[in-house]
Amino acid sequence: MKVVAFNGSPRAKGNTYNGLITVLEELNREGMETELVQLGGRKVYGCMACFKCYENKNKRCARRDDEMNTFIDKIVEADGVIIGSPVYFSNVSTEVKALIDRCGMVAKANDDMLQKKVGAGVIAVRRAGATFAYSAINFFFGISQMIIPGSCYWNMGLGRNPGEILKDEEGIQTFKVLGQNMAWLLKKLHE
Ligand SMILES: Cc1cc2nc3c(=O)[nH]c(=O)nc-3n(C[C@H](O)[C@H](O)[C@H](O)COP(=O)(O)O)c2cc1C
């Protein structure tokens, strides 16, 4: 089983990254194949509302501007998806929102192509707004008919400068339990 994780922060080795690899390590320990994709800082743009995805129905976005379709392909091929985001003004990063809007619309245009995949959000935050960003990601998974595992707290870790999140013991524990629960759920779904 494969899980693809997106780092929505332009800081490739920042707090979101550290949160994500904590989850991925647990998934690897449980025998899952994982891939970490750097999304933050890439040239990704928003949905054009052209609705060509409803005409084409080819599991791809019609906007030919960037690597978005390679990201959508990775999600289609995976059994589990993790979207990691820093909190930016109480919401997800711009790149994460672009992924949600474009992949979300392509999924709707293709008979809810993400249904029954497992999805989890991972949030890095300095102080406030984490639950809003966490909700934004989970709203996408929910309307896509995906299945969302929980953890012992909401999936967020506190930190400002790169690496500070590692000092947030409760946050790191939450990410570890999330990885364990995601692996458990994937195994149940595929047994
Ligand atoms: C544009 C911008 C907006 C931010 N907005 C918030 C915010 O609303 N709330 C907050 O607690 N931290 C905010 N932060 C701080 C980041 O969420 C925090 O530093 C986080 O750990 C960054 O994760 P990263 O290292 O993966 O980039 C903001 C940072 C930036 C650059």
Side-chain angles (χ1 to χ4, degrees), residues 2-29 32 34-47 65-68 70-72 74-75 78 80-104 118-142 146 148-183:
K2 178 151 188 200
V3 175
V4 62
F6 293 90
N7 178 8
S9 170
R11 297 203 291 198
K13 291 286 162 73
N15 292 319
T16 308
Y17 166 82
N18 279 290
L20 285 168
I21 59 166
T22 304
V23 183
L24 297 184
E25 277 168 10
E26 295 300 320
L27 288 164
N28 292 148
R29 196 167 289 134
M32 306 283 147
T34 58
E35 181 182 0
L36 181 60
V37 178
Q38 180 60 36
L39 169 66
R42 304 286 270 270
K43 285 191 180 174
V44 286
Y45 302 97
C47 173
D65 57 346
D66 51 38
E67 301 158 297
M68 186 60 83
T70 65
F71 300 149
I72 294 173
K74 286 180 188 295
I75 291 175
V81 183
I82 303 174
I83 298 180
S85 184
V87 173
Y88 280 3
F89 290 91
S90 204
N91 213 314
V92 292
S93 69
T94 303
E95 294 92 329
V96 167
K97 191 64 169 76
L99 178 69
I100 288 173
D101 291 351
R102 290 176 65 186
C103 183
V118 174
V122 162
I123 306 298
V125 60
R126 182 185 75 82
R127 185 173 176 86
T131 53
F132 206 96
Y134 173 81
S135 299
I137 294 168
N138 285 326
F139 277 126
F140 163 52
F141 292 147
M146 292 172 66
I148 303 168
S151 185
C152 49
Y153 195 80
W154 302 304
N155 312 332
M156 63 183 70
L158 307 185
R160 179 180 181 163
N161 297 321
E164 274 183 12
I165 199 171
L166 296 169
K167 294 186 219 151
D168 175 13
E169 283 180 23
E170 188 175 0
I172 294 301
Q173 180 62 14
T174 301
F175 294 139
K176 285 184 180 169
V177 173
L178 173 65
Q180 291 156 14
N181 288 349
M182 192 169 189

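Count residues from 1 along the sequence. The structure displayed is predicted, hence computed values, not measured ones. Atom set for the values below is all heavy atoms of this structure, side chains included, hydrogens, waters and symmetry mates excluded. We count ligands from 1, going down the list as the structure has it; atoms in each ligand are counted the same way.
Of all heavy-atom pairs between V81 and F141, the closest is O-CZ, 3.9 Å. Minimum interatomic distance between G142 and I148 (heavy atoms only, all atoms of both residues): N-CD1, 4.2 Å. Across every non-hydrogen atom of A130 and V87, the tightest pair is CA-CG2, 3.6 Å. In this structure, V122 and G19 approach most closely via the heavy-atom pair CG1-C, 4.0 Å.
Regarding atom 27 (O) of ligand 1, its nearest protein heavy-atom neighbour is S9 OG, 2.6 Å. Looking only at heavy atoms of the protein, atom 1 (C) of ligand 1 is closest to F89 CE1, 3.8 Å. Of all protein heavy atoms, the one lying nearest to atom 11 (O) of ligand 1 is R127 N, 2.6 Å. In terms of protein heavy-atom proximity, atom 22 (C) of ligand 1 is nearest to R11 NH2, 3.5 Å. Scanning the protein heavy atoms around atom 31 (C) of ligand 1, the nearest turns out to be Y88 CE1, 3.6 Å. For atom 25 (O) of ligand 1, the closest non-hydrogen atom of the protein is N15 N, 2.8 Å. Among protein heavy atoms, the minimum distance from atom 10 (C) of ligand 1 is reached at A128 O, 3.3 Å.
Formation of a donor-acceptor pair under 3.5 Å by the N15 side chain with backbone atoms of I165 is found in this model.
Annotation: side chain of L178 is not in contact with side chain of I82 (no heavy-atom distance under 4.5 Å). Between M156 and T131 there is a side-chain heavy-atom pair separated by less than 4.5 Å. The closest side-chain heavy-atom distance from F71 to R42 is below 4.5 Å. Side-chain contact check for N155 versus I137: every heavy-atom pair is 4.5 Å or farther apart.
For ligand 1 and T16, the ligand atoms under 4.0 Å from any heavy atom of the residue are 23 (O), 24 (P), 26 (O). Taking every non-hydrogen atom of V125 and a distance limit under 4.0 Å, the qualifying atoms of ligand 1 come out as 10 (C), 11 (O), 17 (O). Applying the 4.0 Å criterion to heavy atoms of G14 picks out, from ligand 1, the atoms 25 (O), 26 (O). Counting the atoms of ligand 1 from 1 in the order shown, those under 4.0 Å from a heavy atom of A124 are 17 (O), 20 (C), 21 (O), 23 (O).
Considering backbone and side-chain N/O atoms, P86 never comes within less than 3.5 Å of an N/O atom of ligand 1. For ligand 1, the polar-atom distance check finds an N/O of V87 within less than 3.5 Å of one of the ligand's N/O atoms. For ligand 1, the polar-atom distance check against R160 finds a nitrogen or oxygen pair separated by under 3.5 Å.
Using a cutoff of 4.0 Å between basic side-chain nitrogens and carboxylate oxygens, E35 and K2 are scored as salt-bridged.
Of the options G159, S90, G129, the smallest heavy-atom separation from atom 8 (O) of ligand 1 is shown by S90.
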